[in-house]
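Here the structure is laid out as structure tokens; the discussion comes afterwards.
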Amino acid sequence: MTPLLTTKGLSRSFGGLRAVDNVDFALMPGEIRAVIGPNGAGKTTFVSLISGRIQPSAGTIVFDGADITGLPTYVRVRRGIAYTFQITSVFANLSVYDNVALPVQLTLSDIRSKDALRTGVMSALERTGLADRAHMPAGQLSYGHQRLLEVAMGLALKPRLLILDEPTQGLADGEIDNFIELVRDIAKSATVLLIEHNMPVVMQLADRITVFNAGRILAEGTPEAIRENKAVQEAYLGTAP
Amino acid sequence: MHFGPHLLLATLEGLVTSAVLALTALGLSLVFGVMRVVNVAHGEFFMLGAVLAWAITTAISGHPALGFLAALVIAPLIVGAIALVAERLVLRRLNYNPEATIVATIGMLYIIQQLALTFYGPEARPVEPPFSYRILLPWFGYSGYKLSIIAASALLLIATWLVLTRTKIGLIMRATQYDSETAQAFGIPVGRVYGGVFALGAMLAAIAAVLIVPISQAHYLMGQDPLLLSFIVVIIGGLGSLRGTVVAAVLIGLSDGIISMFFSPTLAKIIATLLVAMVLVFRPQGLFGTAAR
Amino acid sequence: MSEASPAKAYALHLGVIVLLFVLSFLLPDYYHGLLARIMVLAVFAMGYNMLFGYVGLLSLGHAMFFGAGLYGAGLAIIQLGWSVPAAFAAGLACGAALALIIGLLALRTTGVAFMIVTMMFAQVFYLAILYFAAWTGGDQGQVVPQPARVLTFGATSLDLTNPTMRYMTALGLFSLVLLITLAVVRSSYGRVLVAIRENEERTRMLGYDTFSNKLAAVVVSGTICAASGAAYALLFGYVGSSFASVQYSILPLLWVLLGGAATTLGPLIGTLFMYYVIDLTSGYTSAYLLIVGIALILLVLFFPKGILGTIRQRWLGWLP
């Protein structure tokens with residue numbers, strides 16, 4: 001099987017700091033991959049390079065067999081790479097419906113069809129449990145619901161790769177359980193790349209884990225293998241296994 | 001006259017323009033640099049300075065130098081006070097939001113211009129120069145007063161530079177410019193710094209106007225050209241850079257004189273404005289500035 | 001914006017159009033002529049609002065688009081002897097082409113730089129009109145001759161200098177642009193524009209080419225403003241450089257701020273209200289720029305949402 005996404009020698013420095021340093025990475029279609037690592041390890045920079053929010057200093061990114069290194073963000077999104085923000089950035093003044101309508105209308109072949117739009121929006125809202133709040137302004141949603149709306153917006157793009165940047169941050173325990181179910185549901189139709197600090201979530205969800213440290217990949221493997229890995233324990237898990 | 005002396009004359013005239021322009025543009029640049037406010041009413045502060053200079057010199061009898069010196073001190077103070085009030089009443093309440101403050105300063109422009117028309121009238125009125133000594137060069141005589149404008153402007157620019165780089169006030173201003181929130185956290189009264197900078201910017205324009213008014217007369221619409229030229233200088237020189245502002249002012253002042261000898265003034269303005277717009281589009285940090293932070 | 005009550009919104013807009021139609025038969029001559037002028041200028045304001053209100057791009061140079069329409073149509077008649085429809089089309093084409101060029105350049109900048117750049121391009125346009133005075137008439141301007149302002153369809157001819165005809169033509173253009181605005185705002189494209197205004201980076205991350213969308217908005221906005229300028233030349237028969245001056249870039253901003261940015265009817269309300277205030281005070285003072293200045297400051301200080309924006313926020317959430 002060919003990987004959905006690969007990076008070769010991917011690097012990005014800010015001033016003298018090499019935030020992402022010569023990373024070779026491969027992601028198989030259909031898997032749930034977690035990216036973990038201490039703060040400042042370069043995880044967010046890494047996924048920002050993949051989504052196109054920032055440009056690499058060196059290296060290439062290949063998605064679905066095509067080199068996307070030089071492509072602008074919006075083209076990558078249209079090719080199937082969706083990104084949900086670490087800091088919630090839904091359109092606060094727009095209704096929940098309109099927030100999701102934006103990505104849905106992009107995927108419709110006939111953008112004049114109000115019915116198709118409505119169906120698409122409501123199905124994304126139902127999957128995330130927000131259907132009854134469709135007409136609220138997004139800014140009035142609770143924090144947890146705003147995180148879900150972020151995911152709904154990502155889902156609505158019908159992505160082949162969904163990047164979730166710390167999706168459970170700030171969620172209550174009950175919300176986290178629902179969230180895990182949601183990600184499993186998403187994974188049936190998309191590959192998921194998950195940056196996450198919450199280790200129980202990572203261990204439950206991930207098929208494989210990639211550990212970042214100081215801009216490089218320190219280790220990669222199944223959750224069990226990572227749990228047993230001495231280098232990882234030293235760098236990251238040592239204090240809180 | 002031969003080409004050489006002709007060029008010398010054009011250069012001298014250009015330097016006078018540069019001197020006044022550098023002061024005016026420096027005011028605009030300081031306000032933008034420290035407060036991130038684009039003051040569209042800056043040209044009206046210039047005009048107010050000239051109109052007040054006329055009023056003061058007319059009110060004071062005796063030797064023209066007496067009235068002129070009084071104007072040079074009093075006019076900028078009055079203009080500074082007006083600017084301070086405007087800053088307190090309007091800009092501060094807008095939290096210095098860049099777009100809202102532009103709209104508000106456009107409002108100020110209209111108000112000041114219209115009040116000047118109402119109270120001062122549509123006439124252009126002369127102000128007598130403080131002295132009328134002519135320096136005799138081998139080829140032509142040249143106004144000693146014009147040369148003194150260049151000297152006065154240079155002195156003021158050096159003084160401003162010293163204040164900005166060598167004094168505590170300058171340090172406070174630079175700290176505020178760099179990061180107003182951190183400055184606030186370190187106990188710098190950012191609100192007062194902003195008020196002071198806005199007043200100082202207006203005063204620099206007023207001083208420039210008082211200096212130039214014996215040559216150019218006072219008129220209620222005279223603020224428009226200095227505003228445009230100051231914008232050009234500040235954009236070319238790099239926003240908020242003192243050195244860039246002075247270099248650009250000399251460049252624009254000299255080329256303005258020389259270009260208008262070869263082209264019609266309107267065509268010169270068209271070319272200059274278009275070029276500057278292109279600089280802003282393709283090189284927003286200015287020709288002499290470094291990349292934005 | 002929301003899906004709710006489209007019927008109410010359409011009913012309101014049709015109501016406004018019907019009201020303006022009925023007013024044509026009720027108003028005394030002076031106000032009849034003034035309202036025709038206001039409707040044409042409200043089209044200018046609606047074009048401005050398209051960019052400022054919905055996309056959040058504050059231009060200080062829209063006089064050049066109005067001027068492009070004004071001179072495009074006016075000079076086509078005066079210098080080239082074109083018919084009214086051809087001249088109107090020429091005005092639109094000039095505005096659209098200028099907007100495309102200005103958009104390609106100015107959209108490379110954002111925020112304050114965008115405001116200054118648009119102002120400078122408009123200044124270049126204004127100075128160019130003065131410079132080519134032999135053709136444009138310079139600051140004296142030119143009159144579009146009355147006989148040329150007649151629309152002929154075979155046997156019937158419509159005289160645009162006739163007050164009723166002029167009013168109805170102005171109303172026709174106003175209604176058309178109002179309904180176009182309403183349709184755009186309610187369309188998926190309108191949703192993208194608002195999203196760009198709210199958070200451009202996020203919109204890009206949802207797969208939108210925000211530059212192209214903004215460019216399209218500049219062209220639509222510029223073309224609507226040009227339509228207003230072209231109609232002004234044809235209906236009121238005068239082209240002059242003052243219509244391309246900085247002041248005419250500030251006025252649509254003032255009208256839109258006053259009426260309510262990002263509301264479909266705000267531009268009309270703002271234009272109407274401002275003319276009313278100036279008319280009301282003209283007995284006391286000729287210093288109408290003073291009123292414009294004070295109004296601008298008071299609006300940004302105390303009333304940034306404008307009349308309809310405030311009404312929408314407080315009472316009528318469904319207003320488009």
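So you know, we letter chains A, B, ... as the sequences are listed, proteins then strands, and number each from 1. The analysis underlying the following values was restricted to heavy atoms, covering all of them including side chains, and did not include hydrogens, waters or symmetry mates.
Chain B is approached within less than 4.5 Å, heavy atom to heavy atom, by C:Leu257 from residues 257-269 of chain C, ordered by number.
B:Met35 contributes atom CE, which lies 8.5 Å from atom CZ of B:Arg92 (distance to the nearest 0.5 angstrom). One distance of note links CE of C:Met115 with CD of B:Glu99; it measures 5.0 Å at 0.5 Å rounding. C:Leu130 CG to C:Phe125 CZ: the interatomic distance, rounded to the nearest 0.5 Å, is 11.0 Å.
Side-chain N/O atoms of C:Gln123 and B:Thr273 include no donor and acceptor closer than 3.5 Å. Remark: the B:Glu87 side chain and the B:Tyr96 side chain contain an N/O donor-acceptor pair separated by less than 3.5 Å.
Within the structure, salt bridge (charged side-chain N to carboxylate O under 4.0 Å, His left out) pairs that include any residue of residues 113-135 of chain C do not occur (at least two apart or interchain).
You'll find the side chain of C:Ile102 reaches within 4.5 Å of the side chain of C:Phe65, heavy atoms only. The shortest distance between side-chain heavy atoms of B:Ile236 and B:Val247 does not fall below 4.5 Å.
Put simply, of C:Leu299, C:Leu253, C:Ile294, the one with the most heavy-atom pairs under 4.5 Å next to chain B is C:Ile294. By number of non-hydrogen pairs under 4.5 angstrom with chain C, the leading residue of B:Ala272, B:Ala277, B:Pro98 is B:Ala277. Counting heavy-atom pairs under 4.5 Å between each of C:Ile250, C:Thr109, C:Val292, C:Leu58 and chain B puts C:Ile250 at the top.
Heavy atoms closer than 4.5 Å to chain C are found in both the backbone and the side chain of B:Val90. At a 4.5 Å heavy-atom cutoff, B:Leu109 makes no contact with chain C through either its backbone or its side chain. Of the atoms belonging to C:Leu254, not a single heavy atom falls under 4.5 Å from chain B.
Aromatic ring centres of B:Tyr120 and B:Trp54: separated by under 6.0 Å.
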